[in-house]
Number of protein chains: 2
Amino acid sequence: MQTTSGRHDLELALGEQINALVSATRALSERSAATFHPQLQPAAFHIARWLYAFGPARPSQVAEAVGMDRSSTSTLIGKMRALGLLDASPAPEDRRGTVVRLSADGRDRVAATLEERGKEFYGRVRSWSDDDLGRLVALLGRLTAERPALS
Amino acid sequence: MQTTSGRHDLELALGEQINALVSATRALSERSAATFHPQLQPAAFHIARWLYAFGPARPSQVAEAVGMDRSSTSTLIGKMRALGLLDASPAPEDRRGTVVRLSADGRDRVAATLEERGKEFYGRVRSWSDDDLGRLVALLGRLTAERPALS
DNA sequence: CGAAGTAGTTTGCATATCTCCACTATACTG
DNA sequence: CAGTATAGTGGAGATATGCAAACTACTTCG
């Protein structure tokens, strides 16, 4: 069964499992987004949590990565900077660009939001062994280790 | 009780990995949604793929599960039924309600969209062993086995 | 039986986001 | 240099979605 078609089936199965996970978390994500910061639109949370997961980046990278247009991204980044959630510094190699990163406060807020949301998820793994849970975390870590290679 | 702190760290790590995965897939999801069906809004794809992952359900369950309100859900379900992507049947135990399920065409379209999107993801697991990939699929399956218990 | 509650639909309105476009500042190319 | 391309910002109008309320059909409870 270690054939090419088995491999393809495995990849399809991975796609379906990722789909299930994303579907299952979508409601929570949207609700978290709404409560991330009272003065911000939901999409701001998508930007913040991408920066939390993948680190500092240029606004256009962020826009591409989260699937928003540059205009909205720019506006939201501006608001988050005004609220002290993000810091921006000029890009070292290209003075047209900037690099945005979460501030300490921004990181704390994302972490708090994720943990709050995660509570509704922890019940599912309550019966898991530490080994299985650790394995899943490690494998997901490998899966998301690289920044998305977007089209 | 002292072992719970390691456990809690594991759970936090799981939350962060899920966050990374959801963040990484968000752009792809949004783009897939736009191309799922030319005459449908993006959110229709969220409904369709939830049904694909978790099977037939009542409209209100769907709305709750994907984090949309009942009115938008109802409208989108109506459009998808008109396009033949969904079938609806009266709920067996409560004639106020209905149960919606993907039609064969709807299932095919979701599968095609997922596979198309997945291609951009498969590159990441190309170097993985079948064992590791199978393990991840199995663990994700356990994680998403139950329908979301929403609050 | 009647009253109250629930599932689903529909409508009107508010808001968030997208699309396109223009503009500035900087980078690259010939 | 001059001309073109790119990063980021901002605006105007269009669309998608959320929210609240009304309405029908059905269920449940007293």
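Letters A, B, ... are given to chains in the order of the sequence lines, protein chains preceding strands, and every chain is numbered from 1. The analysis underlying the following values was restricted to heavy atoms, covering all of them including side chains, and did not include hydrogens, waters or symmetry mates. Just so it is clear, the model here is predicted, and its values are computed rather than measured.
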Between atom [atom1] in [X] and atom [atom2] in [N], what is the gap in whole Å?
X	N	atom1	atom2	value
A:Leu86	D:dT9	CG	P	11 Å
A:Leu76	C:dC18	CG	P	9 Å
B:Glu64	C:dG8	CD	C1'	15 Å
B:Asp69	C:dC13	CG	C1'	13 Å
B:Ile77	C:dT9	CD1	P	6 Å
A:Phe45	C:dA16	CZ	P	17 Å
A:Arg58	D:dT6	CZ	P	13 Å
A:Gln39	C:dT15	CD	C1'	16 Å

Quick one: which of [options] gets closest to the side chain of [X]?
X	options	value
A:Pro59	D:dA16, D:dT9, C:dG8	D:dT9
A:Gln41	D:dT17, C:dG8, C:dA16	C:dA16
B:Ser72	C:dT17, D:dG18, D:dC19	D:dG18
A:Met68	C:dC18, D:dG8, C:dA16	C:dC18

Are any of [X]'s side-chain N or O atoms less than 4.0 Å away from OP1 or OP2 of [N]?
X	N	value
A:Arg70	D:dT9	no
B:Ser60	C:dG8	yes
B:Ser71	C:dT10	no

### Side-chain ion pair, B:Glu11 and B:Arg7, N-O less than 4.0 Å
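Result for this pair is yes, salt bridge flagged.
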### Query
Quick one: do A:Arg117 and A:Glu120 make a salt bridge, cutoff under 4.0 Å?
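Salt bridge flag = no for A:Glu120 with A:Arg117.
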Short side-chain to backbone donor-acceptor contact, [X] and [Y], under 3.5 Å:
X	Y	answer
B:Ser72	B:Asp69	no
B:Arg124	A:Leu143	yes
A:Thr25	A:Val22	yes

### Message
Counting primed atoms plus P, OP1 and OP2 as sugar-phosphate and everything else as base, spell out the protein contacts along nucleotides 24-30 of chain D at 4.0 Å heavy-atom distance: B, S or - for each nucleotide, 5' to 3'.
### Response
-BBS---
### Distance in Å, A:Ser103 OG paired with A:Asp108 CG, rounded so as to fall on 0.5 Å steps
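CG of A:Asp108 is found 8.0 Å from OG of A:Ser103.
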### Query
Which heavy atom of B:Pro59 sits nearest a heavy atom of B:Thr98, and at what distance?
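Scanning both residues completely, I find the closest heavy atoms to be CD-O, 3.2 Å.
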